[in-house]
Amino acid sequence: MVTETLPEQRDTRELPPSWNPAEVEGELYARWVAAGYFTADSSSDKPPFSIVIPPPNVTGSLHIGHAFEHSLMDALVRRKRMQGFETCWLPGMDHASIPVHALVERQLAAEGTSRRELGREKFLERVWEWKNNYGGKILNQMRRLGDSVDWSRERFTMDDGLSRAVQTIFKRLYDDGLIYRAERLINWSPVLRSALSDAEVDHKEVEGELVSMRYGDGDASIVVATTRVETMLGDTAVAVHPDDERYAHLVGTAIELPLTGRRIPIIADTHVDPEFGTGAVKVTPAHDPNDFAIGQRHNLPMPTIMDEEGRIANTGTEFDGMDRFEARVAIREALRAQGRIVAEKRPYLHAVGHSERSKEPIEPRLSLQWFVQVEPLARSAGDLVRSGTVTISPKEADKRYFDWVDNLHDWCISRQLWWGHRIPVWYGPDGEQVCVGPDEQPPAGWTQDEDVLDTWFSSGLWPFSTFGWPEQTQDLAKFYPTSVLVTGYDILFFWVIRMMMFGGYAMDGQPPFRQIALHGMVRDKFGKKMSKSNNNGVDPIEWLDRYGADALRFTMVRGANPGVDVPIGEENVENARRFTTKLWNATRFALSNGATVRTTVPPRSELTDVDRWILDRTDALVSKVDGYFEEYEFAKVAEELFHFTWDEFCDWYLELAKVQIAESDERAAATRAVLGHVLDVLFRLLHPVMPFVTETLWTTLTGGESLVVAAWPTVSGATQDADATQRVESVQKLITEIRRFRSDQGLAPKKRVPTELSGAYEAGLLPHEQAVRSLVWLDAPGADFNATATLEVALPTGTVTVRLDTSSAIDVAAERNRLTKDLAVAQKELADCDKKLGNPNFVAKAPAEVVDKIKARKDTALADIERITAQLAALPTA
RNA sequence: GGGCGCAUAGCUCAGCGGGAGAGCGCCUGCCUUACAAGCAGGAUGUCGCUGGUUCGAUCCCAGCUGUGCCCACCA
């Protein structure tokens, strides 16, 4: 009845012999965009699902880390969209201030010019030029991944929306007294000539030197140790512990600071550890954080002895003008010449802060900077997680989050760069200052602060500034707080925490997102960090060209275990590509055999065991995939889909379906409907991770408009048929055992072997006899049937005896080998079971079902041993 | 120095109180009319070490060793 429509369908739904992503992806993507699928509509009444896009660290091309992150985010978004949510991404391309700044500086250096020569205006023009050029390139590369982002929302640039948000929040914090300007010891980069936040400093172990030197002479002398000899020019005291009797007589006196002629006091401070070194410390308040604290406590002078580029300056000594590292040696040698060096330890391993971007050791520097008083902000950011308003996945990351928010120092937000949001504070002729809000004008003739804001200041506003805040937009009302933030654990402390602080502060305690899903870093296939120096970086664009977006995305998703790094090698992408090909071929085959969704799947009572089994497996797949998605277990989502498709659908159902289609018209029709249904569900489930190939296959199968807006599948609700499943699994085992026998015997795979199957009744396998014969190339026994080998296959429901006429003597040695091995396995199993059951404590204390299970295993082992022993005995002796 | 994590097949990783798993790699046989980017079969592990808890430990606990990451103002 349904068969007559099939030829017509076949004509219109033929797939090309192979899948060529390069030819199809761009066209499909353009179609989706044109259809408006990606445009979020905040006026719709669908529930919102919004997602924050981590800052694109623009370096000129798509980074493997972006490809990874976007693959995960897009999978989430696509699934939610199919579930009927109004989905919204928060894109914005204006974030990459610092990298662009540095890149343009590099360009200028190559051109033989510099930022300073060019001037601020021209420099900023160059940055814009670069951004327009490469920012657009990156957008295109993101599109190639198939990101379902509405990139047309890229309207928040440095000039308008984001600037308003930055100014608004700055002024609010300023007025609340949470932003202040102070002279503090900050991390200074002599190369960048800018302040850095604590987060931008990397502490690295270096081999330095620990030099002990004598200040003063005779009785009034004291030995101090330092790793930074050059800072002695800025010493304004020597400190000892107040309880240290060795130096008690010196406290309150002064000694001469060598090389300078200055006299400095000896003071007592509890910071000093009497056990370390000589128990005396030189104090350089302007160049060391500890010393700065001591200096504040004791009202010491704080002379700065270096200029912005790290050269000794204003000391009135011969060392002025020397680079700090040069000076370290020169001063040490000058002291040595005076006989003041009493000990040297070299190499001396210690941690030194380095600038994250420019890599040189940072120089603590006393300077006037802007700070955010983070304590109240950080406390509420912590409370958002403590109260469960925001959850972090994996939950082990909670502790690290708390450690961080509970110990945050005030945040230095001013940067002496040219690119970025200027600090909205203006100074009057007499040093007055005023903070100017977004709709206010500074008094005429006043000048704006030259510094710009830390890049994390503006990106901390991302979750609401991209919705047009401070305007109360419809988008903001609908999509804030966002549903989830997907990002790497490396950025938790930089970015996530700023968003948490600003979100709670600006949005009346509303968090920026409900869920933080942390993933790991992409590593090379040996788990090593990808880097230029390791020469193991990969270009995702190359992989997109060679394998297609689906393969790349599936690779990424398959590797993404929560919070754990992802080793990726080309092998992984090849494997994913093989998967797309497999899916393609399976579908092509199913379609050519009339798979259809035009007819409904008959009720289960009219279906075979095999049909019922695959439908049950499909239901199980839906619920597993759903569960894993909800837990951000991306790798498991991919794994389930991969194994269902390959191991269950392709390896078994398709093979068995061939038999059913050949059986009768009625059987064929039912099978075609099941095939169509299973594929339909499978494509929907796969769509979030492999959007392009599934779109092509699904529209061909169903004639539907697009998977992007198709419904996400739900479980059918049908009762699982455990008996059918057991029988199918028995058939699988039987087939595998016969194949193994054939392989052991070296029988050509397609050689048809007359075979008699018996015992199938007890096992309930009679209806499947044709399937077994077909899949293992067995003929029915003819008149001249003469069994040369007997195989007994133990199944849960009974033993099937397989008698084969191999038309020649069997390889007795091979068979004996096999049986001996099986026997050994069974005997070990028996021994294990006996050991447990022989333990009275086990029988008494273990749960009954465990004991029963072991008993059942023992029975099976005994039966196996008996059967195999008999078979061995029946073998002709060689 | 403090904190967190990891140690399972040759490689990269799942699993996690009662029968050791996946992908890749490896061995054998097959171009069987969806697929050689494939099919079928096969081999491979004192589950880091040492103790403890338990009837039972790859799984829980402690210590050790190795390893990775984050944080950190010890001269």
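Note on naming: letters A, B, ... go to the chains in the order of the sequence lines (proteins, then strands), and numbering restarts at 1 for each one. Note that this is a predicted model, so its numbers are computed, not measured.
Distance NZ (A/Lys525) to C1' (B/rG25): 10 Å, rounded to an integer number of Å. A/Glu640 has its CD atom 17 Å from the P atom of B/rG21, to the nearest Å.
The side chain of A/Lys821 contributes an N or O atom lying less than 4.0 Å from OP1 or OP2 of B/rA43. Using a 4.0 Å cut-off, some side-chain N or O of A/Trp646 falls inside it from OP1 or OP2 of B/rC39. At B/rC39, one or more side-chain N or O atoms of A/Lys582 fall inside 4.0 Å of OP1 or OP2 (strictly under the cut-off). Between B/rG19 and A/Arg857, a contact under 4.0 Å exists linking OP1 or OP2 to a side-chain N or O. For the pair A/Lys636 and B/rA22, the criterion of a side-chain N or O lying under 4.0 Å from OP1 or OP2 is not met. Taking 4.0 angstrom as the limit, A/Lys399 places none of its side-chain polar atoms (N or O) nearer than this to OP1 or OP2 of B/rG5. Not one side-chain nitrogen or oxygen of A/Arg523 sits closer than 4.0 Å to the OP1 or OP2 atom of B/rU12.
When the P atom is compared between B/rC35 and B/rC26, the two are found 24 Å apart, to the nearest whole Å. With P as the reference atom, B/rG5 and B/rC60 are 12 Å apart, rounded to whole Å. Taking atom P on both B/rC16 and B/rC6, the two are 13 Å apart, rounded to the nearest angstrom. Separating the P atom of B/rA34 from that of B/rC39 is a span of 13 Å, rounded to the nearest Å.
Taking the ring axis of A/Phe371 as reference, the NZ or CZ atom of A/Arg184 stays within 45° of it and closer than 6.0 Å to the ring centre.
Using a 4.0 Å heavy-atom criterion, one finds that A/Pro847 contacts the bases of the nucleic acid, with or without backbone contacts as well.
Under the 4.0 Å criterion applied to side-chain N and carboxylate O atoms, A/Asp822 and A/Arg740 are assigned as salt-bridge partners.
Side-chain contact, A/Tyr547 with A/Glu570: a donor N or O sits under 3.5 Å from an acceptor N or O. No donor-acceptor contact under 3.5 angstrom links the side chains of A/Thr580 and A/Lys582, judged on distance only.
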